[in-house]
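Take a look at the structure below.
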Amino acid sequence: MNKALIISGGGSKGAFAVGVIKDLVTTYQLNFDTVVGTSTGSLIAPLAAMQQLNTLEHLYTSFTTDDLIEKYNIGARLNQSSLFTANGLGARVKEIYTDDFYASLINAGKKIYLTSTCLQSQELVVFTTDPNPAAGGYYTVQKIQNADHFRRAIMASASQPVFMPPVQVNKNITGSANPDYQFVDGGVREYAGMGIALDAGATELFTILLSAKNSVPDNVQYTNLFSILLQTVDIFITDVSTNDLYGPKQFISFINYINEARQSMKSAGVPEQAIKNYFSNQNPAYKNLLDRSSIKWHIIQPDHPLGGGPGGLEFDPAEMKNMLATGAITAAAYVASLKPGDVDWA
């Protein structure tokens, strides 16, 4: 059973994901073979994979907006690459994701996938520690070469375009064809990487979405460019999250239907060879689908908006502690709703 953890984007709302992960790991002893992170999910993914929960909680409950992001007057940044800078966040990434941490991650064999969007090619580019990644059908895969490359990929995935500066992830990589290409938040192309986890061979997916199941209209008038831009980002995130779920849902439904059909035929007394012949196909693309095991898919998501401002660009430790607590409660409630066999706890 290949368990995958997928963490969506959402800025400071990532504190909710930290609460979920803490509950799944400490209460239920879940261990993940593959971890896919987008935006704030990329900051969380490596620590979650290594189960460094105290560091993860500290990161998402101890820093304010001013500690992580430097804000400027919008008029002073019109000729710059971003409205804000993120030197504070960059410093935190360097402090946490040291060369030693990276070496430990590689030695542990953890398969981390960090999503980003290339501004020049407009592609979804996935940076990974997986030594043998599957070729992406709708995204490009780049293997992470060293600790600096790893840190740059994290920063790129977390850099919301316009608000935070693009990152030249491959700048110092020998032999890179395009060292000057700029990368930003993977959420521009994919809010949560379920398809990436499926391509990696995951058979059980734990997906943490930071957008709310239920929302209510804001009784607010948006009267300036900045507030309209922020609200537009929130609308965009909600739209992308809805679209991202559709494809994987159809894929998983198809795989599970095939396996259920096989089991029904077997229960009805159809010989094993006849079942194999019935589902045989010379097309390799179909064969890969027909030979897959059933897939379990879990979605853990807040019922109501978490706060943190549009795009999760407001970092308030007290508010984020509440988000973390909400994540733990939501995870416990989700597990309590499961039937025997819904999760492979091994």
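In this text the structure is predicted, and so the values were computed from the model without any measurement.
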Going hydrophobic residue to hydrophobic residue with side-chain gaps under 4.5 angstrom, can you get from [X] over to [Y]?
X: Trp297; Y: Phe254; value: yes
X: Tyr138; Y: Leu245; value: yes
X: Ile300; Y: Ile329; value: no
X: Val35; Y: Tyr28; value: yes

[Y] and [X] side chains, donor-acceptor separation under 3.5 Å:
X: Glu190; Y: Thr115; value: no
X: Thr64; Y: Asp67; value: yes
X: Gln273; Y: Asn277; value: yes
X: His149; Y: Asn172; value: no

With respect to Tyr113, which candidate in Asp130, Asp199, Thr38 satisfies the side chain to side chain donor-acceptor pair (under 3.5 Å) definition? Asp130

Option passing side chain to side chain donor-acceptor pair (under 3.5 Å) with Asp148 (candidates Gln145, Arg151, Arg152):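 So, applying the side chain to side chain donor-acceptor pair (under 3.5 Å) to Asp148 and each of Gln145, Arg151, Arg152, only Arg152 qualifies.
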
Roughly how far, to the nearest 0.5 Å, is the [atom2] atom of [Y] from the [atom1] atom of [X]?
X: Gln301; Y: Ile208; atom1: CD; atom2: CD1; value: 11.5 Å
X: Leu5; Y: Leu30; atom1: CG; atom2: CG; value: 9.5 Å
X: Ser39; Y: Ile7; atom1: OG; atom2: CD1; value: 11.5 Å
X: Asn87; Y: Lys94; atom1: CG; atom2: NZ; value: 9.0 Å
X: Gln182; Y: Gln120; atom1: CD; atom2: CD; value: 4.5 Å
X: Ile6; Y: His298; atom1: CD1; atom2: NE2; value: 10.0 Å

Assess the residue pair Tyr191 and Ser211 against the criterion (side chain to side chain contact (heavy atoms under 4.5 Å, CB included)); give the C-alpha distance rounded to whole Å, side-chain angles, the decisive distance to 0.1 Å, and a yes or no. CA-CA 10 Å; Tyr191 174 67; Ser211 57; 3.5 Å; yes

Taking 4.0 angstrom as the limit, do Lys3 and Asp33 come out as a salt bridge? no

To check you understand the geometry: which heavy-atom pair defines the closest contact between [X] and [Y], and what is its length?
X: Phe127; Y: Ser116; answer: CE1-OG, 3.2 Å
X: Met323; Y: Ala15; answer: CB-CB, 3.8 Å
X: Ser82; Y: Met164; answer: CB-C, 3.3 Å
X: Ala331; Y: Asp23; answer: CB-OD2, 3.6 Å
X: Pro165; Y: Thr85; answer: CD-CA, 4.1 Å
X: Ala212; Y: His304; answer: CB-C, 3.3 Å

Counting neighbours of [atom1] on [X] that are heavy atoms of other residues, nucleotides or ligands and sit closer than 6.0 Å, is the number greater than 12?
X: Lys171; atom1: NZ; answer: no
X: Lys110; atom1: NZ; answer: yes
X: Asn54; atom1: CG; answer: no
X: Tyr278; atom1: OH; answer: no

Any idea how Phe63 and His58 line up, ring-wise: parallel (<30°), tilted (30 to 60°), or perpendicular (>60°)?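 Aromatic pair Phe63/His58 classed perpendicular.
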
Would you please classify the geometry between the Tyr102 ring and the Phe150 ring as parallel, tilted or perpendicular, with 30° and 60° separating the classes? tilted

Derivation of the side chain to side chain contact (heavy atoms under 4.5 Å, CB included) call for Leu68 and Phe84: CA-CA 10 Å; Leu68 302 174; Phe84 308 153; over 6 Å; no

Is a donor on one side and an acceptor on the other found under 3.5 Å between the side chain of [X] and the backbone of [Y]?
X: Glu57; Y: Val18; answer: no
X: Asp303; Y: Lys213; answer: no
X: Ser42; Y: Gly37; answer: yes

Within 45° cone and under 6.0 Å: Arg262 NZ/CZ vs Phe279 ring: yes

Residue pair Gln142, Ile173: steps toward the side chain to side chain contact (heavy atoms under 4.5 Å, CB included) verdict: CA-CA 11 Å; Gln142 287 193 30; Ile173 299 303; over 6 Å; no

Could you give me the CA-CA distance, side-chain angles and deciding distance for Val169 and Val125, then say whether side chain to side chain contact (heavy atoms under 4.5 Å, CB included) is met? CA-CA 11 Å; Val169 179; Val125 180; over 6 Å; no

Start with the C-alpha gap between Thr40 and Tyr60, add the side-chain angles, then the distance that decides, and say whether side-chain hydrogen bond (donor to acceptor under 3.5 Å, both in side chains) holds. CA-CA 10 Å; Thr40 198; Tyr60 276 85; 2.5 Å; yes

